[in-house]
Amino acid sequence: MISIDQRLRLGFAILAAAVLMSGPAGLAQAPRAHQGNSAEAQDHGVQLSSIDKTCKPCQDFYHFANGEWLKNNPIPAAYPSWNSFSSLQERNQTHLREILEMAEGEKDILLGSNEQKIGDFYYSCMNEAQINAEGVKPLASEFQKIEAVNSIPALENEIAHLQSIGVNALFRFRSTQDAKNSSQVIGGADQGGLGMPDRDYYLTTGKKEVDEKNAKIRGEYVEHVTKMFELLGDEDAKASSETKTVMDIETKLAEASLTRVERRDPVKLYHKMDRSELKTLTPEFSWDGYFEDLGYPNVETVDVAVPKFFQAMNDDLKSIPLDDWKVYLRWHLVDAYAAELSQPFVEEDFNFSGRALQGTKELLPRWKRCVRATDRQLGEALGQEYVKEYFPPEAKAHAQEMVANLVAALHDDLGTLPWMSEPTRQQALKKLSAFTRKIGYPDKWRDYSAFHVDRGPYALNALRGREFEFNRQMKKIGKPVDRTEWGMSPPTVNAYYNPERNEIVFPAGILQPPFFDPKADDASNYGGMGAVIGHEMTHGFDDEGRKFDAEGNLRDWWTPEDAKNFEARAECVQKQFDNYVVEDDLHENGKLVLGESIADLGGLTIAYNALEKDLAGKPRPLIGGYTPEQRFFLAYAQIWASNDRPEFARLMVNLNPHALDRFRAIAAPSNMPQFYQAFDCQEGDAMVRPSAIRCQIW
């Protein structure tokens, strides 16, 4: 999930597989000892064993590059999707498990140290006997607080408290960077309060196939909420009645929420208000009391992302009975902590979020769930140990060289774009030169001293972790932005661009094969990590990122004519993805995936140009029978090899600003004459888009 304080552009995220990310590396200085046609070189970079030579690259490049891999890599029962990222994620998880088991078993360990915290957190998560014996008891005092609510002020107090321990109660509140004053942190209030993944699951879209699928999910959600109330001890009839109350409230909130496409425009999400304006917006909701209840009474300025949502919330507070609100809060408390409770809660939580939403057949092994949980809550404590073992200084140095190389390629591209005028070009080059480059891990590690971890109930460790994170965020309000902070932990297999900080970030977890392999040829590395780096840099100039300047301020620095030229080119990309059919009458949503798809096209183009510059005047030997240019495109397509369950694919199309992998593999190459030349494709071939609808931006 993306918190409202970091509107990250997740370059290579698989949303539900890693949850949140998004989401989504020049290589000129990479080692060159393996450029020849050696057996060792063929074992690295492009995987020849994945290629299906019965397919023609100019007709079906995705299956040409990945056909054998797709046949030989069925989806494991515990996963909604299995892709080329998965092996790297699995390898990283195994490394993290080793670190955690060592910390867990350490005898002489300093109380309060990072090692103690990660070891005890992991131990409490793995202690199924204790978790099952406790049942829902760790949350007993929280349920009692909800039951004690007897007035609107008491309700607001409880909403504030639940938000502080990570419960999605009514709306979301955190710190956020002021989008028009990028040096300062202010409060951030945003829509929220739903139990299903998106507003559209509650509402009619007007598309028959989509509405039928959403109605099915709604029915499964109703069953799920009812079963959760029954697990809390409610009789069947009461549980059914409570579920109707939850659905009625959540549907009202959904009706007042912006769509995911609407939320892609940062201008629409900026409404800076002071205390008096907040009071005018929601006279029935006491912001003064709310901030006091949170423990941060000095919050003076708030960016209200969706004012109409809070106006509707104000009306709901007047019209919905207090007892109904208590039912709603009770549901969201158990929903937030179900995965940390005893086995019946875990299984029912998985029944909806795993089986119904994603088509997953069985739960992940507990150790994998516990590794992920520790990474989520103590990511930089765990990450310090990870980089010591698996990301040596020379790896960081190589990555820094790669990034510098791709920045140079984008600089050349921006300097020669024929459709961009000189005033806009100078601003674009200024923005590029101001990019902050974060590689591998933070220079300043996060301080977890305020997060108490012990070997008691796992749910209480999780609660304290969420409370720690909430307070860490809230303490930023009114202070200068800390530009050293990271939005991902070092082991994460992902990358991102943050427009408000104008930074590109590449965690250590992704700077490994298959994305970058020091033993592979440069063409493979450019097609893999080079495309990732180019993708993240291009986000600075996509349809969202271009609205922020070099300092990260939301400011229009484009001439009207250049903006018009950009929008016409972006519309070409949107239409291309609108035409990709997922199943039946379900298509990709071109407007939703526009930013990521622009970044794919720009990133691949930049990476190709960097490769050609690097190869100029050098021998170009065949490796595995393929030219450097062919291996470049093969490497790119192979990072998108993916088998997806139908339920997962539908979920991603509804939620994810990234298109499905099978479309990402072919969309950018099909717009590039360099691809046509590499594989000798001709007009009329499926992978050759007619010149009239060929998309080119960067």
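On a predicted model such as this, the values are computed, not experimentally measured, just so you know. The first residue of the sequence shown is numbered 1, and numbering continues consecutively from there.
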Taking all atoms of both residues into account, what is the closest heavy-atom pair of [X] and [Y], and its distance?
{"X": "His539", "Y": "Gly595", "answer": "CE1-O, 3.6 Å"}
{"X": "Ile152", "Y": "Leu317", "answer": "CD1-O, 3.9 Å"}
{"X": "Leu194", "Y": "Asn168", "answer": "O-ND2, 3.0 Å"}
{"X": "Val167", "Y": "Ala336", "answer": "CG2-CB, 4.0 Å"}
{"X": "Gln377", "Y": "Tyr448", "answer": "O-CE2, 3.6 Å"}

Side-chain donor-acceptor pair under 3.5 Å between [X] and [Y], yes or no?
{"X": "Gln473", "Y": "Ser175", "result": "yes"}
{"X": "Asn157", "Y": "Asp293", "result": "yes"}
{"X": "Asp542", "Y": "Tyr497", "result": "no"}
{"X": "Thr226", "Y": "Thr243", "result": "yes"}
{"X": "Arg501", "Y": "Gln177", "result": "yes"}
{"X": "Tyr202", "Y": "Asn214", "result": "no"}

Quick one: do [X] and [Y] make a salt bridge, cutoff under 4.0 Å?
{"X": "Lys216", "Y": "Glu212", "result": "no"}
{"X": "Asp248", "Y": "Lys252", "result": "no"}
{"X": "Asp543", "Y": "Arg264", "result": "yes"}
{"X": "Glu469", "Y": "Arg174", "result": "yes"}
{"X": "Asp288", "Y": "Lys279", "result": "no"}
{"X": "Asp190", "Y": "Arg263", "result": "yes"}
{"X": "Glu250", "Y": "Arg199", "result": "no"}
{"X": "Glu142", "Y": "Lys145", "result": "yes"}

For this session: Could you check whether the rings of Tyr221 and Phe352 sit parallel, tilted or perpendicular, using 30° and 60° as the cut-offs?
Result: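 The arrangement is tilted - the two ring planes meet at 30° to 60°.
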
Salt bridge (charged side-chain N to carboxylate O under 4.0 Å, His left out): pairs with one or both residues in [range], sequence neighbours excluded:
{"range": "residues 455-466", "value": "Asp120-Arg455, Glu340-Arg466, Asp454-Arg464"}
{"range": "residues 342-356", "value": "none"}
{"range": "residues 146-157", "value": "Glu147-Lys326"}

Give a yes or no on whether the ring-centroid distance for [X] and [Y] is below 6.0 angstrom.
{"X": "Phe173", "Y": "Phe291", "answer": "yes"}
{"X": "Phe648", "Y": "Tyr79", "answer": "no"}
{"X": "Tyr328", "Y": "Trp331", "answer": "no"}

List for me each residue that meets salt bridge (Lys or Arg N to Asp or Glu O under 4.0 Å) alongside [X], sequence neighbours excluded, and say none if there are none.
{"X": "Glu235", "answer": "none"}
{"X": "Lys180", "answer": "none"}
{"X": "Lys438", "answer": "Glu503"}
{"X": "Lys268", "answer": "none"}

Please name all residues satisfying ring pair (Phe, Tyr, Trp, His ring centres under 6.0 Å) with [X], sequence neighbours left out, ordered by chain then number.
{"X": "Trp367", "answer": "none"}
{"X": "His161", "answer": "none"}
{"X": "Phe171", "answer": "Phe285, Trp287, Tyr290, Phe310"}

So, the side chain of [X] versus the backbone of [Y]: is there a donor-acceptor pair under 3.5 Å, distance only?
{"X": "Thr176", "Y": "Ile186", "answer": "no"}
{"X": "Asp211", "Y": "Thr205", "answer": "yes"}
{"X": "Asn471", "Y": "Glu467", "answer": "yes"}

For this session: Just jot down the side chain to side chain donor-acceptor pair (under 3.5 Å) partners of Ser489, sequence neighbours excluded, or say none.
Result: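 Result, side chain to side chain donor-acceptor pair (under 3.5 Å) vs Ser489: Asp375, Thr492.
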
Seminar exercise, completed: Here the side-chain hydrogen bond (donor to acceptor under 3.5 Å, both in side chains) pairs for residues 122-134, sequence neighbours left out, are Ser124-Asn461

